[in-house]
Every structure is written in C-alpha cells, then in structure tokens.
> 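Handing you this structure, nothing more for now.
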Number of protein chains: 2
Amino acid sequence: MVSDKQKNILNFINIFVEKNGYAPSVREICTGVGLKSTSTVQYHIEKLINSGYLQKNYKKSRALTVNSQMSKNKIPILGEIAAGSLLMAEENVIGSVNYPHAEEATELFALSVSGDSMIDEGIHEKDLVIIDKSLQIKNGDIGAFLINNTEGTIKFLRNIEGKNYLVPANKNYKKIQVNENIQPIGKVVSLIRDM
Amino acid sequence: MVSDKQKNILNFINIFVEKNGYAPSVREICTGVGLKSTSTVQYHIEKLINSGYLQKNYKKSRALTVNSQMSKNKIPILGEIAAGSLLMAEENVIGSVNYPHAEEATELFALSVSGDSMIDEGIHEKDLVIIDKSLQIKNGDIGAFLINNTEGTIKFLRNIEGKNYLVPANKNYKKIQVNENIQPIGKVVSLIRDM
DNA sequence: GTTTTATTCGAACAAATGTGCTAATATTAT
DNA sequence: ATAATATTAGCACATTTGTTCGAATAAAAC
C-alpha cells in the first residue's frame, strides 16, 4: 500500500518531530529524504494520508500529525491471543498505552495479565505487562509465551538440569517443560497497574 | 516573573498543542488569548522564552515548544522525603516520568517505593507509584502518608472499629493507628515497574 | 513492444507566518 | 506629579510555506 519512499518520509517525520517538537515543512522533508521538488513530497504526503498514516490541516504550516498507532511511545495492547492468529494482527489490538521508554515501538506491545500464576512476583490479574519482542528470554527472566498457538502466558524461564521450564510464581501451579508446543514471544520489560 | 497574560498564553499554547498536535502560529495565539497585535504576542513569547518556559526556532513557523517541566503527561519523581521539607520542593525531584493519564500534572507525582511493607499487594521495592494529591484517601485505599514529617510510606488505610489505621500488606509489619503525627499525602493511583 | 501507473521535477503563485519598527496606552515606582 | 516600566496596537516587509499545473522520467502491467 505504501512504498519504501513513503515509509522513508513517515520515518523522517517521526524522527523530526521527536527531535524538534514540531513537524517539518514540506521543503524540510524534501532535503531530509533527498527529493528536489516540493510537489513530489506533496504527492507522497497525500498517499500517506489516504493510507491513514498521517493527518494534515489544509494550508497550515507544519500541521502534519502522525497517527497514534505508529507514533513513538505508544504501543498496542493486545487482548487474548487467538488460536493460530498472528500475534500483532490488528483485530487483536484492544487499545494502546503510552510507554515513555519506547524508542522503537514496533518491537513492543502490552498484554493484559489474566490469571494469578505470577502473583508471588507481584504480577496481578488486570496488570498490563510490556513485552519486548526483540529481547531474547534468558534463564531467570520473566517472559511471554504462546502455548499450543492458543494460549498466551507470562512465566519465569528457568533452566533446571539442562532442561528449560516455564515456572509460575504461585505454589498452586506447576512448572511446565518447554517443548515444541511452547514458543517464546518476548521478554517482559515493564509492568503498569492502575488502581 | 511572568505575568498573568503570559501564563494565559502558555496555557493556550499547551492546550492548542494537546488538541492539534502542533503549536499555534503567532496570529492564532493573538485571537486565542484576545490580543490584536502580533507584536504583542511576540513580546510575551520573548518573555516566556527568557523565563525558560518556552523554546523557539528563529523564523520557523509553529516552532514553539513548551519546556518539559510544565508539559502535560510528565510528572516529577521525588526521592526520599526529607525531614520537614515541603514535599514538592525542587531539591527533592530526582527525575520525571511520562504518565499518559495525567490531565493535570500538578496534582500528581511519582515516588520510588522503599521497603517491602506492601509486598503482599504486589508492590515491590524500587517500584514507582503514582500519587494523586487531589484524591482523598478513603477506607480500603492504598495511600501515601508522611510520618513525623520525616518518613514517607505507602500503606492501606483501614477503618477498624471507628479508628483509622495504616495497614501494611506484609505479615512481618504491624498496623499503625493514625494520629497527629501521620498526615495523608495522596492516593496511590498507579504503579510502574521496570524489569 | 505499447499502455498504464507511479514517481519525480520545475516553476510560479497565493497565503500564512515571523519579524521589526514606531507609537500609544496602562501600570508601577519614585 | 513625574519618570520608568510594562503592555498593547498598527502597519509594513521579507520569508517561509502549502498549493497547483504541466511535463518529464521511471517502473510495472499488458
């Protein structure tokens, strides 16, 4: 739907806004992405608007706004992980949350905790955990895992006598040995609880 | 240092940015705050810049940025509450954190949790709790309290047989009856944990 | 190959916008 | 009252900036 050049422009705008606190002018985008004509930039901006990535205010300068889904510091909240569905599929997004530390929001998402299997670690039901897909889950880390392509869960990953286990922080639950039905999603990097 | 009109202008800019995603032009500020001359606005803008409230980029349109301390969604993190000191005194601010739900940042601040007296509620040492000074702490709420003007603490407030107690969520600690040495700071409304 | 579509450029225009200058008025200090 | 300071206004000017039109080039489809 959007070409590389358009992604390039969107990215430039994002970085510009992040750095300067206001959007670039058409001509600043020109030099920023290596284009010589303002109308070429207009052309791409219109495409980005039609694709829903940008918003504009007619005839106002620097009145570009990047739509929230792809703006920095804002990451999607996923609902229950549906069977076989792609994790980041849009139909699973039930909201979004600002997350100040996010540099690259693409690797991050939030998941609402269901169940009490991590209660002893102070992770409650309804808490929001931030998951970084780009970070490998190491021994001792808390990670998000997908079981049988059906169920999402938050657990400790622990290596015991050479074997990997998903270990809950609740005596009422048992640890599960990692097998081919369990795939890692990402490392839990943060927790947000509203009261 | 800054006059009412200048605060008025700063507030207008803040709201405008919040609403539109980009800063207002000089003439938009004119009509927004009820001034008829662009140079009057320039005059006030320069004052606000000299006072450190605003930043500007010379000859660029809509290139105003509100300095972070007074921008929305950003609230101060306080360190240990020093004896007798005013809670929000600047010397106690050790950082700041973005908090998406903040409408009026003035009533909110963040406190780093020390100790494990609320461990059974999943509130750990080093967690960041967001406190709303404008919300009264009611029976059953978790609140922040100042004891003997010296020590800050997070506890449940519970009314037992007509008397108010600060109740920890940890069997190793005892509840404390509320007396004149204990003053409420605000209600704990959120928790952030980085791992 | 031809046609269609996507992308780029150049130039010109009108509007929006920041700035500079001078003067008038209001407020405060002495 | 007088002087100093703060605030406001009006106007003109130079740039910046978004927009538009036509045409050239590149890429993709047929």
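In this text the structure is predicted, and so the values were computed from the model without any measurement. The sequence lines fix the lettering, A, B, ..., with proteins before strands; numbering per chain opens at 1.
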> Provide, to the nearest angstrom, the distance between the CG atom belonging to A:Leu48 and the P atom belonging to C:dA6.
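Roughly 15 Å, once rounded to whole Å.
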
> May I have all residue pairs that pass salt bridge (charged side-chain N to carboxylate O under 4.0 Å, His left out) and include part of residues 155-180 of chain B, sequence neighbours excluded?
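Pairs touching residues 155-180 of chain B that pass the test: B:Asp120-B:Lys171.
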
> Below 4.0 angstrom, which residues in residues 21-36 of chain B have at least one non-hydrogen atom near DNA chain C?
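Residues of residues 21-36 of chain B under 4.0 Å from DNA chain C: B:Ser25, B:Val26, B:Arg27.
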
> Partners of A:Asn179 by side-chain contact (heavy atoms from CB on, under 4.5 Å), sequence neighbours excluded?
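With neighbours one apart ignored, the set is A:Asn181, A:Ile182.
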
> Suppose we screen for side-chain hydrogen bond (donor to acceptor under 3.5 Å, both in side chains). Which residues come up paired with A:Thr65, at least two apart in sequence or across chains?
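Counting only residues at least two positions away or on another chain, A:Thr65 forms no side-chain hydrogen bond (donor to acceptor under 3.5 Å, both in side chains).
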
> Counting heavy atoms from C-beta on, name the nucleotide in C:dC9, D:dT7, D:dT19 closest to the side chain of A:Tyr58.
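Between C:dC9, D:dT7, D:dT19, the one nearest the side chain of A:Tyr58 would be D:dT19.
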
> Base contacts versus sugar-phosphate-only contacts with protein, heavy atoms under 4.0 Å: please encode nucleotides 24-30 of chain D as B, S and - from 5' to 3'.
-------

> On DNA chain C, nearest-nucleotide positions of A:Lys47 versus B:Ser37: which is more 5'?
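Its nearest nucleotide being more 5', the pick is A:Lys47.
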
> Examine the base of D:dT19 for any acceptor or donor lying under 3.5 Å from a partner atom in the side chain of A:Ser39, and report the outcome as yes or no.
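Result: no qualifying N/O pair found.
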
> Rounded to whole Å, how long is the line connecting atom CD of B:Gln42 with atom C1' of C:dC21?
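It works out to 12 Å between those atoms.
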
> Looking at residues at least two apart in the chain, or sitting in another chain, which of them share a salt bridge (charged side-chain N to carboxylate O under 4.0 Å, His left out) with A:Lys60?
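Partners of A:Lys60 under the salt bridge (charged side-chain N to carboxylate O under 4.0 Å, His left out) test: B:Glu28.
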
> Output the rounded distance in Å from NZ (B:Lys56) to P (D:dT16).
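Interatomic distance, NZ of B:Lys56 to P of D:dT16: 14 Å.
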
> Which residues satisfy the ring-ring contact (aromatic ring centres under 6.0 Å, His included) test with A:Phe12, sequence neighbours excluded?
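Once residues adjacent in sequence are excluded, the partners of A:Phe12 under the ring-ring contact (aromatic ring centres under 6.0 Å, His included) criterion are A:Phe16.
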
> Quick one about A:Tyr173 and A:Asp116 (side-chain donor to acceptor, distance below 3.5 Å, no hydrogens or angles considered), yes or no?
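Yes.
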
> Can you tell me if A:Ser3 touches the phosphate of C:dT7, counting only side-chain N or O atoms and a distance under 4.0 Å to OP1 or OP2?
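Yes, such a contact exists.
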
> Could you point out which residue of A:Ile130, A:Val129, A:Ile131, A:Leu128 forms a side chain to side chain contact (heavy atoms under 4.5 Å, CB included) with A:Ser190?
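So, applying the side chain to side chain contact (heavy atoms under 4.5 Å, CB included) to A:Ser190 and each of A:Ile130, A:Val129, A:Ile131, A:Leu128, only A:Ile130 qualifies.
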
> Among the candidates C:dT17, C:dG20, C:dT8, find the nucleotide nearest to the side-chain atoms of B:Ser61.
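Among the listed nucleotides, the one closest to the side chain of B:Ser61 is C:dT17.
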
> Atom CD1 of B:Ile45 and atom P of D:dT7: how far apart are they, to the nearest Å?
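Between P of D:dT7 and CD1 of B:Ile45: 14 Å.
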
> List in chain and number order the residues that pass side-chain hydrogen bond (donor to acceptor under 3.5 Å, both in side chains) with B:Asp4, two or more places apart in sequence or in another chain; answer none if no residue qualifies.
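For B:Asp4 there are no side-chain hydrogen bond (donor to acceptor under 3.5 Å, both in side chains) partners, ignoring immediate neighbours.
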
> Are OP1 or OP2 of D:dA6 and a side-chain N or O of B:His44 less than 4.0 angstrom apart?
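So the side chain of B:His44 is outside the cut-off, no N or O lying under 4.0 Å from OP1 or OP2 of D:dA6.
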
> Is it the case that over 12 heavy atoms from other parts of the model lie below 6.0 angstrom from the CD atom of A:Glu46?
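Open.
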
> When the distance from CG of B:Asn50 to P of D:dA6 is rounded to whole Å, what number comes out?
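Distance check: B:Asn50 CG to D:dA6 P gives 12 Å.
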
> Taking side-chain contact (heavy atoms from CB on, under 4.5 Å) as the definition, give me every residue that meets it alongside A:Lys56, ordered by chain and number, with sequence neighbours left out.
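If we apply the side-chain contact (heavy atoms from CB on, under 4.5 Å) test to A:Lys56, skipping adjacent residues, the hits are A:Gln42, A:Ile45, A:Ile49, A:Leu64.
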
> What's the NZ-C1' distance between A:Lys5 and C:dT7, to the nearest Å?
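Result: 10 Å.
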
> Where the side chain of B:Lys60 is defined as all heavy atoms beyond and including C-beta, which of D:dT20, C:dA15, D:dT17 is the nearest nucleotide?
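Nearest to the side-chain atoms of B:Lys60, counting from C-beta on, is D:dT17.
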
> For the helix from C:dG1-D:dC30 to C:dT30-D:dA1, what angle separates the axis at the start from the axis at the finish, each from five pairs, in steps of 10°?
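Between the first-five-pair axis and the last-five-pair axis there is 40°.
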
> State which residues pass side-chain hydrogen bond (donor to acceptor under 3.5 Å, both in side chains) with B:Asn11; sequence neighbours excluded, sorted by chain then number.
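Result, side-chain hydrogen bond (donor to acceptor under 3.5 Å, both in side chains) vs B:Asn11: none returned.
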
> Of the listed nucleotides (C:dT19, D:dT7, C:dC9), which one gets closest to any side-chain atom of B:Lys59?
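Nearest to the side-chain atoms of B:Lys59, counting from C-beta on, is C:dT19.
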
> Describe the nucleic acid contact of A:Gln6 in one word from base, sugar-phosphate, nothing, applying a heavy-atom distance below 4.0 Å.
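The answer is sugar-phosphate, as A:Gln6 gets under 4.0 Å only of primed atoms, P, OP1 or OP2.
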
> For A:Arg62 and C:dG18, what is the distance between atoms CZ and P respectively, to the nearest whole Å?
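Spelled out: CZ on A:Arg62 to P on C:dG18 is 9 Å.
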
> Please report, rounded to the nearest Å, how far the C1' atom of C:dT27 is from the OH atom of B:Tyr43.
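Interatomic distance, OH of B:Tyr43 to C1' of C:dT27: 11 Å.
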
> Just to verify, what does A:Ser37 make a side-chain hydrogen bond (donor to acceptor under 3.5 Å, both in side chains) with, not counting sequence neighbours?
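Testing A:Ser37 for side-chain hydrogen bond (donor to acceptor under 3.5 Å, both in side chains), a comparison that skips the adjacent residues, returns A:Ser39.
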
